[in-house]
**Student:** 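Have a look at this one.
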Amino acid sequence: MLEEEEKKLFSITQEIGEVVGVENISIDDLNRSLYSYDASMIRAKPCGVIHIKKASDIQPVLKILYNHSVSFTPRLAGTNLSGGATNQKGGFVINLSALNRIIQIDTTNNIAVVEPGVVNIKLQEELEKFGYFYPPDPSSQKVSTIGGNIGENAGGPQCLKYGVTSNNVVKLDVILPDGTEATYSIEDYGPDIMSLFIASEGTLGIVKKAYLKILPIPKYFLTIYSEFKSLDDAMQAVADIIKQGIVPKSLEALDRLAIELTKTKDIEISDETQAVLITEIDSDDKREIDKEQNEILKIFNNNSAFNIKFSDDKKESEKLWKLRKETYPSLAKIANNILVEDGCVPRSELVNTVKKIKKIIDDHRLKANLVFHAGDGNIHPQIVFDERDVKETNRIRRVAKDILKEYIYSGGTISAEHGVGVEKRAFMLWQYDKKTIDLFRRIKKAIDKKEISNPYKKIPITNDLKKLKRKEFEISDNVKAMIEEIKTRHSKKIRSLICGKQTSIKTLPADHSILSSAPIQKILDFDRENLTITVESGIEIKKLKDFLINEEFYISLPDDNGTVGGMIAEKRFVGIRDLILSMDLILSDGSFIRLGGKNIKDTSGYDITKLMIGSLGTLGFITSATFKISKKIPDNKFTKPANITNYTSIGIRIKNAFDRENLFNAFLTEKVYGRYEI
Amino acid sequence: MRNYRNELYTHNLHLKELITKNGVKDIYDAVSQCTRCGYCLENCPTYLVGKKETLSPRGRNQIVRMLIEGKYTDVNTAKYTIDTCLLCGACTDVCYGKVQTEDIVLEARREEQGHNNSLIYKIIIYLKGEKKLFDICLKFLFFLHRIKLSYLADKLGLFYLLGYPSLSKGYKKLIKTPKKFLHTEIKHLTDETDIKWIYFATCGTDYLFTNVGRSSINVLKKIYGNGVFMNNECCGLISYNYGSLDDARKLATKNIELYEKIKAANPDAFIVGDCSSCIAFMKTYPQMFMDDENMYKRAVDFSSNVRDIIEVVKPEHIKNINFDYIKDKKVTIHHSCKAYNNQDLKTNEDDVLKPVLKENLIEMNESNLCCGGAGAYAFSEPEFSAAILSRKMTNISITQADITLVSATSCLMQIGYGSKTSYHTEVMHYIEFIDRIMV
Ligand SMILES: Cc1cc2nc3c(=O)[nH]c(=O)nc-3n(C[C@H](O)[C@H](O)[C@H](O)COP(=O)(O)OP(=O)(O)OC[C@H]3O[C@@H](n4cnc5c(N)ncnc54)[C@H](O)[C@@H]3O)c2cc1C
Ligand code: SF4
Ligand code: SF4
């Protein structure tokens with residue numbers, strides 16, 4: 001290290017030492033070496049480690065780092081699989097593990113308030129005492145923490161019914177990279193900034209406190225274990241369950257090798273078995289359980305399932321679940337290294353994609369098992385190897401890329417729940433076009449001006465790769481025309497008033513021209529097997545609902561005269577964020593932005609889809625949105641946002657990242673984002 | 001494919017190979033088996049109190065791997081990570097790869113400390129070979145201790161001699177010295193015939209907790225009938241953990257020879273002892289003889305016949321119960337890590353006591369979490385040691401137990417000390433309790 005740098009590091013260390021105590025900052029080789037890895041294969045030595053013992057120390061520490069422009073990487077249990085917890089720029093790792101206090105459990109409002117270092121299972125154990133649970137249950141829950149789960153948007157078996165981390169967080173206290181404290185909630189008036197922090201992998205600052213949604217444990221549950229003679233049969237059973245409109249709490253699949261490694265004395269599997277499904281249903285109504293059980297059983301029988309076992313006893317069912325939850329660590333029995341792929345595809349593509357991936361694995365004679373959050377379309381091939389063998393490692397990496405491509409070809413995503421980190425950042429370019437990647441870059445820059453918060457993660461550093469041919473719906477001619485129109489307006493700096501049926505904007509503000517979604521009303525994709533529908537934003541809500549009812553499907557939207565686009569932009573009810581999977585939008589310069597697609601899980605980019613909810617047309621023109629639909633009549637509860645305005649300068653910086661010239665709904669900009677300098 | 005960069009770890013200072021539950025592996029393969037999944041973190045007492053990677057099993061494995069690969073060069077700067085391991089085995093217990101962190105850590109310690117060349121260690125090893133002299137020295141040190149010169153006794157190596165070189169200072173003062181050593185008391189138990197068991201007196205019971213030994217013998221007689229005292233040598237754990245492997249091998253060899261003599265006339269008799277640490281170690285004797293085929297075989301035979309006292313008492317053995325003694329007593333079990341993790345004896349005590357005590361047997365939270373007494377635990381940062389004990393005492397206090405049962409003598413000391421300084425509970429070896437309830 002140069003003398004100059006050494007001096008600088010020494011002085012920063014001293015400054016930080018004054019805040020956290022000298023014993024809690026380490027720049028020795030031991031600490032640097034042991035904070036150079038996480039559960040992925042990525043390595044990078046930080047310049048030092050800061051051990052935070054009090055949440056109130058985060059803010060002053062970040063301030064110091066910001067002043068010196070030194071980078072930092074927040075870290076908790078270090079179990080992420082994409083290199084997220086390593087510092088790639090030689091800055092500090094900030095160890096937050098000691099912040100493990102459960103601050104409040106409020107069963108009246110169904111909220112738990114926790115520090116980021118609370119281990120997922122510890123929270124579950126505490127909640128269980130009150131008869132409650134927190135739905136996200138990653139297989140790593142025995143060690144991984146709420147902060148890490150938020151950082152990666154972790155999912156788990158229960159997420160099929162109850163949603164992933166982002167569906168179960170209601171408010172976050174964060175420290176932004178410049179040391180500013182801020183609180184964002186799903187109830188905020190304006191865009192859903194809170195959602196940007198989920199799956200942000202520590203690139204937008206540090207979560208200091210999280211307010212989580214908790215739920216009463218349903219009265220009844222039933223775990224169903226079933227074996228199949230082929231993986232194809234098992235996948236077909238999954239597809240049939242989803243198609244039937246049954247949403248089990250969990251629907252998980254394992255192949256033979258996975259079972260062999262995790263199975264205990266308690267479980268006998270037959271020689272013929274090639275796949276196992278573990279399904280769980282739950283409800284407060286026993287009749288519903290019985291009904292679903294019968295339906296599922298019928299499907300299983302149609303797909304030649306055998307050795308079917310049922311359990312409604314917690315201990316018994318835990319044994320069955322152990323089989324699934326420990327598939328990853330159990331690979332340590334046979335290997336030193338495991339490469340877990342983590343793609344998600346539309347469920348209608350599951351059977352096909354699994355076949356293709358299986359073929360790649362067989363063709364390359366890899367030792368790999370396949371486990372899936374099958375109900376979500378989330379496929380995890382887990383390939384074992386020994387990284388000490390460089391040639392073999394390179395071969396595995398090449399094969400892994402082929403697998404990633406399969407997800408993308410099927411319209412899927414390269415990351416469902418493990419994040420992008422360093423491992424997959426380049427492959428973002430296979431999934432997104434350059435304009436969308438650039439938008440991600442601008443969002444990062446808007447919040448982290450100096451690019452010091454977990455740098456070089458999530459977003460590709462170069463533009464070396466090209467978007468692959470991905471199964472996606474076509475852009476309609478009317479949208480194409482609209483892109484041209486917006487480009488023209490951009491060149492002439494004409495301001496637009498974005499509207500649907502103009503239901504809430506009664507008078508046209510001066511110097512704005514109307515940009516209406518009225519011409520775009522198509523149903524772009526209706527996927528019965530995936531339980532999704534993609535519609536253009538100008539379609540009326542009533543029309544959409546009628547269409548679905550005709551097809552015997554339902555969508556949980558309130559009766560409203562307006563358009564789909566208007567409902568999203570105005571965030572007419574809080575729960576809309578849990579219904580929308582993805583969007584297309586046009587920015588004020590005419591860039592067309594296509595987000596994730598119709599995947600149930602996606603942690604590939606920043607969650608722009610949710611950010612757009614409540615953006616009131618100030619960020620971009622939403623051209624289409626993909627919604628989850630169901631076969632059952634939903635029990636509609638529509639809570640209005642509390643309209644808390646709680647903005648820091650971030651709001652306006654995000655506006656800048658989308659619409660630098662303030663051409664979209666300019667008259668609203670100040671109202672939405674407050675009076676910050678542009 | 002394999003690429004050793006630091007040949008030191010193949011030196012004879014180290015074990016040739018480790019026998020792990022996941023196969024026989026040399027140290028490099030054994031340590032490379034760690035996938036860094038982190039599953040072990042929340043099971044490790046030092047990580048739980050420190051919440052740092054440098055205090056975690058994963059960190060310990062990674063630093064040794066880096067040392068072997070030459071990516072980290074100075075083992076002495078890794079002391080904080082290496083020396084703080086309690087060797088409690090809790091990490092291996094939950095690890096699918098069965099990565100034997102404690103053995104891996106010991107290899108690094110051997111690299112760091114070499115074969116212990118300190119004068120005191122040499123004297124002790126010499127004395128261990130000269131039993132009579134050993135007894136005299138120990139008696140003298142006990143005398144010093146009794147007349148309140150415990151500081152001097154400590155300096156002269158009392159606790160080293162006992163096998164607990166780094167016991168907490170507070171406890172050293174509290175130690176009660178027995179009037180008579182166990183081996184002198186049970187000498188007569190050497191020439192019985194038709195024997196079923198061979199009693200192995202561990203140092204802790206022999207020289208300090210003689211009551212425990214008496215109870216073991218009582219219970220063994222009641223359950224199994226005739227048995228003998230092995231008149232054994234120290235198991236060698238202290239050399240294995242703190243000294244040279246060769247010394248440990250010598251002691252192991254002597255014990256194997258002693259056993260073989262008895263076995264000749266009594267082929268079905270099993271060896272049994274009452275300190276889970278020593279017993280767990282004796283079960284791993286074969287690992288020290290991987291480059292000597294003959295000794296390896298003999299060690300396997302020896303080890304497969306070693307039993308922990310907690311595994312030989314079965315529920316059906318408890319027939320007549322002293323109800324007066326157990327009346328209204330709440331009891332909890334601290335699962336000594338060397339039984340629970342290393343020997344996989346997870347429910348033995350509960351299976352026996354649950355039917356007897358029913359609701360008065362109170363389950364302890366984190367019952368298998370090491371109390372900080374495992375082996376002999378030198379903590380460079382005393383507040384950690386205190387924090388680990390304090391966590392254990394909190395868990396005990398939640399049970400409100402009158403009696404806390406343990407199965408290793410180091411737990412008797414450590415939790416015994418905790419009970420004097422924080423929550424008061426009677427700390428007792430499991431076998432003493434069994435002895436009292438069996439009529
Ligand atoms: C055996 C095993 C099984 C797994 N199973 C699953 C599974 O079923 N589902 C799943 O989704 N994942 C799974 N994972 C991946 C991993 O456990 C998750 O990504 C988990 O959420 C990481 O949590 P952590 O506490 O280890 O965080 P870390 O790995 O320490 O950090 C994760 C990311 O979050 C950032 N971060 C950490 N703390 C903060 C904070 N306070 N504020 C902002 N950013 C922060 C970090 O910089 C990093 O980018 C598994 C991993 C393993 C090893
Ligand atoms: S020791 Fe085992 S449990 Fe711990 S990180 Fe390594 S492989 Fe995982
Ligand atoms: S042996 Fe015990 S103290 Fe050492 S790393 Fe394993 S769990 Fe931690």
Side-chain angles (χ1 to χ4, degrees), chain A residues 23-24 26 28-41 43 49 51-53 75-81 85 93 95-100 117 119 121-122 139-140 142-145 261-262 326-338 384 386-392, chain B residues 1-4 20-23 25 28-44 47-56 58-69 71-82 92 94-99 365 381 383:
Chain A
E23 69 285 8
N24 290 319
S26 323
D28 56 295
D29 204 24
L30 180 66
N31 271 277
R32 292 178 55 221
S33 300
L34 291 188
Y35 282 90
S36 66
Y37 57 80
D38 51 29
S40 74
M41 296 225 309
R43 307 278 197 289
V49 185
H51 303 283
I52 300 285
K53 294 288 156 75
R75 187 186 198 270
L76 282 157
T79 67
N80 80 84
L81 298 163
V93 164
N95 170 24
L96 301 155
S97 310
L99 304 179
N100 59 352
V119 173
I121 198 98
K122 292 272 149 62
S139 304
S140 56
K142 281 187 188 164
V143 270
S144 73
T145 62
L261 291 174
T262 32
E326 306 203 337
T327 53
Y328 178 88
S330 74
L331 286 165
K333 277 186 193 169
I334 56 167
N336 315 354
N337 292 91
I338 302 152
V384 301
D386 187 341
E387 71 183 320
R388 293 176 298 175
D389 184 339
V390 179
K391 240 170 118 185
E392 171 75 353
Chain B
M1 160 192 143
R2 305 218 353 190
N3 190 9
Y4 271 116
T20 79
K21 286 197 181 126
N22 198 13
K25 292 178 196 306
Y28 188 36
D29 276 348
V31 76
S32 301
Q33 195 81 25
C34 172
T35 59
R36 300 180 304 281
C37 74
Y39 239 60
C40 50
L41 298 188
E42 289 288 315
N43 249 42
C44 171
Y47 180 79
L48 282 175
V49 302
K51 288 281 175 182
K52 291 177 180 175
E53 190 69 17
T54 42
L55 290 169
S56 75
R58 180 173 62 185
R60 292 181 175 119
N61 290 323
Q62 292 312 308
I63 203 67
V64 175
R65 180 168 178 171
M66 289 179 209
L67 280 161
I68 294 175
E69 290 177 340
K71 290 179 181 151
Y72 194 89
T73 43
D74 185 2
V75 66
N76 287 305
T77 58
K79 269 177 175 301
Y80 181 78
T81 296
I82 299 298
T92 314
V94 290
C95 170
Y96 268 94
K98 294 291 160 209
V99 177
N365 199 4
E381 292 186 47
E383 79 262 29

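Per chain, numbering begins at 1; letters A, B, ... match sequence-line order.
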**Student:** Is it true that a side-chain atom of A/Asn95 and a backbone atom of B/Glu53 form a donor plus acceptor pair closer than 3.5 Å?
**Tutor:**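 Such a contact is absent between A/Asn95 side chain and B/Glu53 backbone.
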**Student:** What I want to find out is whether B/Arg65 reaches A/Glu387 closely enough, with some N-O distance under 4.0 Å, to be called a salt bridge.
**Tutor:**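 The answer is yes: the pair qualifies as a salt bridge.
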**Student:** Quick one: pull up CG in A/Asn336 and CZ in B/Arg36 and give me the separation to the nearest 0.5 Å.
**Tutor:**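 A/Asn336 CG to B/Arg36 CZ: 10.0 Å, rounded to 0.5 Å.
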**Student:** Of all heavy-atom pairs between A/Ser33 and B/Ile63, which one has the smallest distance, and what is that distance?
**Tutor:**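 For A/Ser33 and B/Ile63, the tightest heavy-atom pair comes out as CB-CD1, 4.3 Å.
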**Student:** For A/Ala39 versus B/Cys37, what's the shortest heavy-atom pair and its separation?
**Tutor:**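 Closest pair (atom of A/Ala39, atom of B/Cys37, distance): CB-CA, 4.4 Å.
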**Student:** As an exercise: rank A/Lys391, A/Arg75, A/Met41 by heavy-atom pairs under 4.5 Å with chain B and give me the winner.
**Tutor:**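 The candidate making the most pairs under 4.5 Å is A/Arg75.
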**Student:** So what's closer than 4.5 Å to chain B heavy atoms on A/Lys122: side chain, backbone, both or neither?
**Tutor:**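 Side chain of A/Lys122 only, per the 4.5 Å heavy-atom cut-off to chain B.
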**Student:** Locate the shortest heavy-atom distance separating B/Tyr80 from A/Leu30; write the atom from each residue and the value.
**Tutor:**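 In terms of heavy atoms, the two residues are closest at CB-CD2, 3.9 Å.
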**Student:** Check the pair B/Thr54 / A/Asn31 against side-chain contact (heavy atoms from CB on, under 4.5 Å), numbers first and verdict last.
**Tutor:** CA-CA 7 Å; B/Thr54 42; A/Asn31 271 277; 3.6 Å; yes
**Student:** So among B/Arg58, B/Gln62, B/Arg60, which one has a side-chain contact (heavy atoms from CB on, under 4.5 Å) with A/Leu34?
**Tutor:**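 Of B/Arg58, B/Gln62, B/Arg60, side-chain contact (heavy atoms from CB on, under 4.5 Å) with A/Leu34 is met by B/Gln62 alone.
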**Student:** Side chain, backbone, both or neither: which part of A/Ser139 has a heavy atom under 4.5 Å from chain B?
**Tutor:**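 The backbone, not the side chain.
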**Student:** Which heavy atom of B/Tyr47 sits nearest a heavy atom of A/Ser97, and at what distance?
**Tutor:**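 Closest approach of B/Tyr47 to A/Ser97: OH-OG, 3.6 Å.
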**Student:** For A/Asn100, is it the side chain, the backbone, both, or neither that has a heavy atom closer than 4.5 Å to a heavy atom of chain B?
**Tutor:**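 The side chain, not the backbone.
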**Student:** Is the shortest side-chain heavy-atom distance between A/Arg388 and B/Asp29 below 4.5 Å?
**Tutor:**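 In contact.
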**Student:** Which heavy atom of B/Thr35 sits nearest a heavy atom of A/Ala335, and at what distance?
**Tutor:**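 Looking at all heavy atoms of both residues, the shortest contact is CG2-O, 3.8 Å.
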**Student:** Quick check: closest heavy atoms across B/Met66 and A/Ser36, and the distance to 0.1 Å?
**Tutor:**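 Answer, listing the atom of B/Met66 first, then A/Ser36: CE-OG, 4.2 Å.
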**Student:** Measure the shortest side-chain to side-chain distance between A/Tyr35 and B/Lys52 over non-hydrogen atoms and say whether it is less than 4.5 angstrom.
**Tutor:**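 The answer is yes; the side chains approach within 4.5 Å.
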**Student:** With a 4.5 angstrom heavy-atom cut-off, is it the side chain or the backbone of A/Leu81 that approaches chain B, or both, or neither?
**Tutor:**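 Contact with chain B involves no heavy atom of A/Leu81 at all.
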